[in-house]
2 protein chains.
Amino acid sequence: MPKRSAGMRDVARRAEVSLSTVSRVLRGAPGVAPEVRERVRAAADELSYAVSRNASGLVTGRTCRVAVVVPSLRPWFFGAVASGLGHALHAAGLDMLVHQADGAEDWTRDLPLPHNSDALVAVALQVTEEQYAHLGDLAGPVVLAGEELPGRASVFIDDRAGTAGATHHLLNLGHTRIAYIGTHTEHGPSRSSAARMAGYHDAMAEAGAEPWTVSKPPGPDGGELAVGELLSHQSPPTAVLAESDDVALGAYRALRRSGVRVPEAISLMGFDDHDASAALDLTTVDQAPEALGAAAGQLAADLVHGRRPSDTRIELPVQIVPRQSTAAPQERRTSP
Amino acid sequence: MPKRSAGMRDVARRAEVSLSTVSRVLRGAPGVAPEVRERVRAAADELSYAVSRNASGLVTGRTCRVAVVVPSLRPWFFGAVASGLGHALHAAGLDMLVHQADGAEDWTRDLPLPHNSDALVAVALQVTEEQYAHLGDLAGPVVLAGEELPGRASVFIDDRAGTAGATHHLLNLGHTRIAYIGTHTEHGPSRSSAARMAGYHDAMAEAGAEPWTVSKPPGPDGGELAVGELLSHQSPPTAVLAESDDVALGAYRALRRSGVRVPEAISLMGFDDHDASAALDLTTVDQAPEALGAAAGQLAADLVHGRRPSDTRIELPVQIVPRQSTAAPQERRTSP
DNA sequence: CTGCGCCATGGCAACGTTTTCATGACCGGC
DNA sequence: GCCGGTCATGAAAACGTTGCCATGGCGCAG
C-alpha cells in the first residue's frame with residue numbers, strides 16, 4: 001500500500017530493472033527486450049503508476065496539455081464545442097485545460113501560459129493580429145475556432161452562407177417580408193454577427209426583396225424585444241430569421257405570448273440547432289459545434305506535432321434543418 | 001526578443017538578483033526588500049514571464065491543477081456545472097483539467113491522474129466506495145458533485161425534496177391524476193433518478209393520491225414516448241411531472257403535436273431549469289447547476305489546502321420556478 | 001577461432017523551479 | 001563600542017523524468 005503515489009523508481013525496483021528501462025517501456029521507445037517490457041508493464045500496473053507529466057514535460061519541453069479558452073462554458077454552444085475539442089485532444093493523447101474569458105477585456109493577459117500548455121485554442125473569441133502573435137510567443141501554436149484571422153490557423157463555419165441559405169429557404173417558401181434579428185453589444189456586432197447579417201442582405205438583394213433588420217442585445221431577451229418591435233409595425237413580417245437560436249427562443253416566447261401562431265401567422269427560423277430547437281420544432285441551421293471543436297482539436301494536435309502548416313484554415317459546412325416553424329405565408333397558401 | 005520563452009534565470013539576470021530572490025518575489029514570500037521586489041516584478045513583466053507550474057509542481061508536489069470529470073460536456077447541464085467549477089477554481093488559483101467519461105464503464109481507469117492534479121471533481125458520476133478509495137490514492141482529495149457517497153466529500157441537491165415540492169405544486173393547483181415520467185438506462189435508474197421518483201411518491205402518498213409512473217430512456221425521446229403512452233390511456237393525467245427538463249421538452253413536443261394544449265388540457269412540469277424552459281414558459285425546479293459547480297470547486301480548493309474536513313457534505317437548495325405550463329385542472333376550474 | 005558490430009541495459013546530467021541553509025550587513029542594547 | 005539578533009540575499013540540493021553516452025554480451029562473418 002503506497003503511502004501516496006509510486007514513482008518510477010518504485011516500478012524499477014519492482015521489475016528489477018533500471019530507471020532508464022522503465023522510462024523506455026512506458027514511453028514506448030524501442031530497444032527493450034519483449035520479456036522485460038512485459039515485466040515492467042506488469043509492475044507499473046500493479047502499482048497503478050502513471051508517469052508524471054510534470055516531470056516529463058520539464059525535460060521534453062512538451063506538456064501534453066492544450067489550453068482551451070471559451071467566453072464561458074455556461075451557454076450550450078461552448079459546451080458542445082468543448083466537448084468536440086475534448087474528444088479530439090484526448091484521442092491525440094493531450095489533456096484539455098479550460099479557461100473562461102468571461103468577457104474580460106484582455107483575456108490574453110491573465111492566462112498562466114508559458115511552459116504550461118503545448119498549444120492554445122481560442123473559441124469564438126476575437127483576437128487581434130497583435131494578440132495572436134503575443135499568444136504564439138507564449139503558448140506555441142494558436143488555433144482559432146469559430147473565428148478567423150487571415151493566414152492564421154482557424155476553424156470556422158461560413159456564417160454568411162448559412163444565413164444566405166436560411167434566407168433562401170424562407171424566400172423559396174414564398175415569403176418576401178422577411179425580418180432579420182441581429183445582435184450587438186456595446187462594442188458593436190461581433191464578426192460572426194456581422195457575417196450573418198451580411199448573408200441575409202446578400203440573399204435579399206439577390207431576390208430583389210426589401211431587407212428589414214433590427215439589432216438588439218444578444219440572448220433571448222433581445223429576441224423578445226425585437227419581436228415586440230416587429231409586431232408593432234403596421235404590416236408585420238411574415239417570416240423572421242434570427243441570428244441565433246438563442247435569440248429565436250426569445251422571439252418564439254414573445255410570439256406565443258402575443259398569440260401569434262407559428263408558423264401559420266409568422267414563420268420563425270433560427271441558427272445553431274440549439275438543443276431546445278428540436279423540442280420546439282424550430283427550423284434552424286446546424287453548424288455542428290461538436291464537429292467544430294473536434295476539427296479544432298485535431299488541428300491543434302497536428303500543429304503541436306508539426307504535421308500541418310500553421311496557416312491551415314478549415315471551413316466547415318452548415319446545413320439547414322427544416323422543421324415545423326417555417327411554412328408558406330398564409331396569404332399565398334393554396335387551398336387545402 | 002526571447003527565442004521561445006524566458007526562464008526564471010533570465011528574470012534574475014535582468015533584475016540583477018539571484019534565482020532565489022526571484023522565486024521569493026513571484027511566490028509572494030516575505031523577506032524581500034520592497035525596492036528589489038518591485039525591480040523583479042518589473043523584469044518579469046517585461047519578459048512576460050510566468051512561472052512554470054510544471055517545474056514548481058515538481059518540487060512542491062502540488063500541481064495547481066484540478067481534474068474535473070463529467071459524463072460529457074455536450075449537454076447543457078454539465079457545461080453549466082463546469083462553468084461554476086471553473087470560476088471557483090480560478091478564484092483559488094487552480095487550473096481546470098476537463099475529462100469526459102463518455103459512458104465508459106470504468107472511467108476511473110484511464111485518467112492520467114497521479115502527480116497530475118491536486119484533486120478530482122466527479123460530476124454526476126456514480127462512484128463506488130472502492131473506486132472512490134482508488135481515486136483518492138491516485139489523485140488526492142475527491143469531490144463528488146451532483147452525487148453523494150456517505151461520509152465522502154460531496155456537493156449535491158436534495159432531488160427527493162425537489163420532486164416532492166414539484167408534486168406539491170401540482171397537488172396544490174388541484175391536480176390528482178399526476179403522472180411522473182422517470183428514466184432508466186440498461187443499468188437501471190441512476191441514483192438521482194431514483195431519488196426524484198421517490199420524492200414524487202412521497203408527496204403523492206402524503207396527499208393520498210394514486211401514483212402513476214412511467215420510465216423511459218433518458219432524453220427528449222423518452223419524454224415523447226412517455227406522453228404517447230399516457231395519452232393512450234382511457235383517462236389521461238391532468239398533470240405530468242418529468243424527471244428532467246430534457247424529458248419534459250420531449251413531452252412538450254409530443255403534446256403539441258397531439259394538439260393537447262398546455263396548460264389548459266394538461267399541466268407540464270420539468271426539473272433543472274433548462275435554458276429552453278424559459279423560452280417555453282415551462283414550470284420547473286431550479287437546481288442552480290452553476291452554484292453546484294461553484295460549491296464543488298470551492299470545496300475542492302479547500303480540501304487541497306486542508307481547510308475543511310474531507311467528509312464535508314454540502315446540500316444545495318432547490319427552488320420551484322413557476323411559469324405558464326402549469327395551471328389548475330380544467331374540470332375543477334371555477335367560472336371565469 | 002577471433003574480431004567486429006549491434007542490441008539491450010544502466011549511469012548520469014539536465015530540465016526549471018522551491019526549499020533549506022549559510023552568509024553577511026545592519027541595528028539596537030548593555 | 002562590542003555582541004547578539006534580525007533581516008535580506010545568495011548558493012546548492014532536490015523533485016521525477018528523459019536523453020545521451022558508456023558498457024557489456026552475444027551473434028555472425030571472415
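A, B, ... follow the sequence lines: proteins, then strands. Residue 1 opens every chain. Keep in mind that this is a model prediction, so the values were computed, not measured.
- Between the Y132(B) side chain and the R152(B) main chain, no donor and acceptor come within less than 3.5 Å of each other.
- Ion pairing of R191(B) with E148(B) is present here, as a side-chain N (NZ or NE/NH1/NH2) and a carboxylate O approach within less than 4.0 Å.
- Salt-bridge formation is not detected for the pair R74(B)/D102(B): no Lys NZ or Arg NE/NH1/NH2 atom is positioned less than 4.0 Å from an Asp or Glu carboxylate oxygen.
- Here the side chain of Q287(A) pairs no donor or acceptor atom with the backbone of I157(A) at under 3.5 angstrom.
- On a pure distance criterion of 3.5 Å, a polar donor-acceptor pair joins the side chain of S20(A) and the base of dG11(C).
- Within the structure, salt bridge (Lys or Arg N to Asp or Glu O under 4.0 Å) contacts touching residues 90-101 of chain B (residues at least two apart or in different chains) are R53(B)-D95(B).
- The C1' atoms of five pairs define one axis at each end of the helix from dC1(C)-dG30(D) to dC30(C)-dG1(D), and these two axes lie 40° apart (to 10°).
- To the nearest angstrom, P of dG16(C) lies 10 Å from OH of Y49(B).
- Listed for the D159(B) side chain is no donor-acceptor partner under 3.5 Å among the backbone atoms of S192(B).
- None of I314(A), V121(A), T312(A), D302(A) except one satisfies the side chain to side chain contact (heavy atoms under 4.5 Å, CB included) rule with V143(A); the exception is V121(A).
- Of the residues in residues 50-59 of chain A, those placing a heavy atom less than 4.0 Å from an atom of DNA chain C are L58(A), V59(A), in numerical order.
- The two residues V155(B) and A296(B) have their closest heavy-atom pair at CG2-CA, 3.8 Å.
- For DNA chain D, the contact window with chain B, defined by any atom under 4.0 Å from a protein heavy atom, covers dA8(D) to dG16(D) in 5' to 3' order.
- Listed for the Q131(B) side chain is a donor-acceptor partner under 3.5 Å among the backbone atoms of T128(B).
- Within 4.0 Å (heavy atoms only), G7(A) reaches sugar-phosphate atoms of the nucleic acid but no base atom.
- For R37(A) and dC7(C), the CZ to C1' distance is 13 Å, given to the nearest whole Å.
- Atom-to-atom, CG of L19(B) to C1' of dC21(C) comes out at 16 Å; the value is rounded to the nearest Å.
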Donor-acceptor list for residues 54-62 of chain B side chains, cut-off 3.5 Å, not counting sequence neighbours:
from	atom 1	to	atom 2	distance (Å)
T60(B)	OG1	S56(B)	O	2.9
T60(B)	OG1	R62(B)	N	3.2
T60(B)	OG1	R62(B)	O	3.4

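- To the nearest angstrom, C1' of dG16(C) lies 13 Å from CZ of R13(B).
- Here the side chain of D118(A) pairs a donor or acceptor atom with the backbone of T63(A) at under 3.5 angstrom.
- Of the residues in residues 22-30 of chain B, those with a non-hydrogen atom less than 4.0 angstrom from any atom of DNA chain D are R24(B).
- In terms of modelled atom types and a separation under 3.5 Å, the side chain of E147(A) and the main chain of F156(A) share no donor-acceptor contact.
- A donor-acceptor pair under 3.5 Å links the side-chain atoms of D10(A) to the main chain of G7(A), judged by distance alone.
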